Amino acid sequence: MQRLAPALRQDNVPLDLISLIKTILAATKEISFRVSQGHLGDVMGSTLDENIQGEVQKKLDVIANDLFKDILLESGFVKAISSEEEDHSVAGDENGKYIVSFDPLDGSSNIDINSLIGTIFSIHEAPTDIAAGDDDMFKQAGNSQICAGYVLYGPSTMLVMTTGSGTHFYVLDRTHGGYLLVERNVQVPTDTQEFAINMSNQRFWQAPMQNYISDLLAGDTGPRGKNFNMRWIAAMVGDIHRVLCRGGIFTYPADSRKAEQPYKLRLMYEANPMAFLLEQAGGLAMTSQGRIMDIEPDSIHQRVEVIMGSKNEVEKCLSYYK
Ligand SMILES: O=P(O)(O)OC[C@H]1O[C@](O)(COP(=O)(O)O)[C@@H](O)[C@@H]1O
Ligand SMILES: [Mg+2]
Ligand SMILES: [Mg+2]
């Protein structure tokens, strides 16, 4: 099994980017250990604080955020970071070559039930004409990401990452403490009979999504002529990992629960990194209006509609919006 650094060198990843990636992964090893300790690791439960998203922060949201923030800002590689748990971007080294957006703990509602959770990250080059700490430097479209990945804290701790030369799977080897490459160039099947959506929001969806999902549910008695199964892990890392492993369509569509906030998932540290990983694996990552990675961001916590996964099924879903 190949170790991480030689695998990245094989993809011609620059040495300082490899160092930055290793810095990020050092924090994930600490989180993986804390998570595996569960109640013993004092990671369960909520704080009394709310983040800028209006969500009560879980203890592990804050622990993970502080771990990433500290290790990245001290690294010297990073001009600034932006996190789901930080109101604004945080300045690092003015000469840092990179900027990192991250979701320190994805699937927070799963922490206290010992279910699947993860960390998501996205790396861009740092603009030289904007000062560290100015949120504007993060307003870069997903198509200019140079690296994206997630770490899934599951039965095994897995890293799924791309630097633009395919999407690869790694496993954290607890015997020597490093990530080992287990699968190169993962390919998402183009067709699927598995969908993921939070069905409890059905009455709030727009008509095209209502129609698309009801045709899936009609199965072989309906226009699709085949049966579909449903899965919902309530952690994007878990649902997208399943799609990367065996295909599927994952969607968090627009809904009318809150008129001023029709979307749930965040562009910079959820949708964009997952889009890069899926596209590099032959999948599609769209909104009903276009390609997620072509969206020009206007704020670091911007939310978007998400329809992603197996190519032909995503196209089928989008045909309902035409
Ligand atoms: O609670 P819902 O509506 O099922 O939403 C689940 C979605 O929310 C999220 O948990 C949001 O992410 P965070 O846990 O990082 O806030 C996604 O991982 C997941 O896909
Ligand atoms: Mg998240
Ligand atoms: Mg989160």
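Since we're looking at a predicted model, the values are computed, not measured. All ligand and atom numbering here is 1-based and tracks the order in the structure.
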- Per atom 10 (O) of ligand 1, closest listed option by heavy atom (S200, A234, S109): A234
- Task: Report the C-alpha distance between F77 and L72 in whole Å, list the side-chain angles of each, state the deciding distance to 0.1 Å, and finish with yes or no for side-chain contact (heavy atoms from CB on, under 4.5 Å).
- Result: CA-CA 8 Å; F77 304 120; L72 285 170; over 6 Å; no
- Query: What atoms in ligand 1 come closer than 4.0 Å to a heavy atom of M236?
  - Reply: 17 (C), 18 (O), 19 (C), 20 (O)
- Task: Calculate the angle formed at the Mg ion (ligand 3) by OE1 in E84 and OD1 in D103; 10° precision is enough.
- Result: 80°
- Just by distance, do the side chain of D215 and the backbone of R224 share a donor-acceptor pair under 3.5 Å? no
- Item | Sidechain N-carboxylate O distance under 4.0 Å for K264, D255 | no
- Run the numbers for me: atoms of ligand 1, each under 4.0 Å from some heavy atom of L105, listed by number. 15 (O)
- Any atoms of ligand 1 less than 4.0 Å from a non-hydrogen atom of R266? List them with their elements. 11 (C), 12 (O), 13 (P), 15 (O), 16 (O)
- the Mg ion (ligand 2) - closest N/O/S atom in D106: OD1
- Task: Can you spot which of E85, E86, E74 makes a side chain to side chain donor-acceptor pair (under 3.5 Å) with K69?
- Result: E86
- Item | Ligand-side contact atoms (ligand 1) for residue partner Y252, heavy atom cut-off under 4.0 Å | 2 (P), 3 (O), 5 (O)
- Query: Does even one non-hydrogen atom of Q53 get within less than 4.0 Å of ligand 1?
  - Reply: no
- Donor-acceptor contact present, side-chain H168 to main-chain N185, <3.5 Å: yes
- Query: Nearest protein heavy-atom contact for atom 4 (O) of ligand 1: which residue, which atom, what distance?
  - Reply: W232 NE1, 2.9 Å
- Message: Keeping K58 on the side-chain end and S109 on the backbone end, is there a donor-acceptor pair under 3.5 Å?
- Response: no
- Item | Residues R266, E55: salt bridge by 4.0 Å N-O rule | yes
- In ligand 1, which numbered atoms sit nearer than 4.0 Å to a non-hydrogen atom of D106? 12 (O), 13 (P), 14 (O), 15 (O), 17 (C), 18 (O)
- Interfacing atoms of ligand 1 (cut-off 4.0 Å, heavy-atom, S108): 14 (O)
- In the protein, which heavy atom is nearest to atom 2 (P) of ligand 1, and how far is it? N198 ND2, 3.6 Å
- Message: Please list, in number order, the atoms of ligand 1 under 4.0 Å from a heavy atom of G107.
- Response: 10 (O), 13 (P), 14 (O), 15 (O), 18 (O)
- Item | Identity and distance of the protein heavy atom lying nearest atom 7 (C) of ligand 1 | K264 CE, 4.0 Å
- Task: Kindly say whether the aromatic ring centers of F102 and Y269 come within a distance under 6.0 Å.
- Result: no
- May I ask you to list the atoms of ligand 1 that are less than 4.0 angstrom from any heavy atom of D103? 15 (O)
- Indicate if the distance from the Mg ion (ligand 3) to the nearest N, O or S atom of G107 falls below 2.8 Å. no
- Pick from F195, Y321, Y320: which one makes a ring-ring contact (aromatic ring centres under 6.0 Å, His included) with Y212? Y320
- Task: Assess the pair F250 and W232: is the distance between their ring centroids shorter than 6.0 Å?
- Result: yes
- Message: For the 3.5 Å polar cut-off, considering only N or O atoms, please tell me whether R257 and ligand 1 meet it.
- Response: no
- Query: Is the distance between the ring centroids of H241 and F169 less than 6.0 Å?
  - Reply: yes
- Within the stated cut-off of 2.8 Å, is an N/O/S atom of E270 closer than that to the Mg ion (ligand 2)? yes
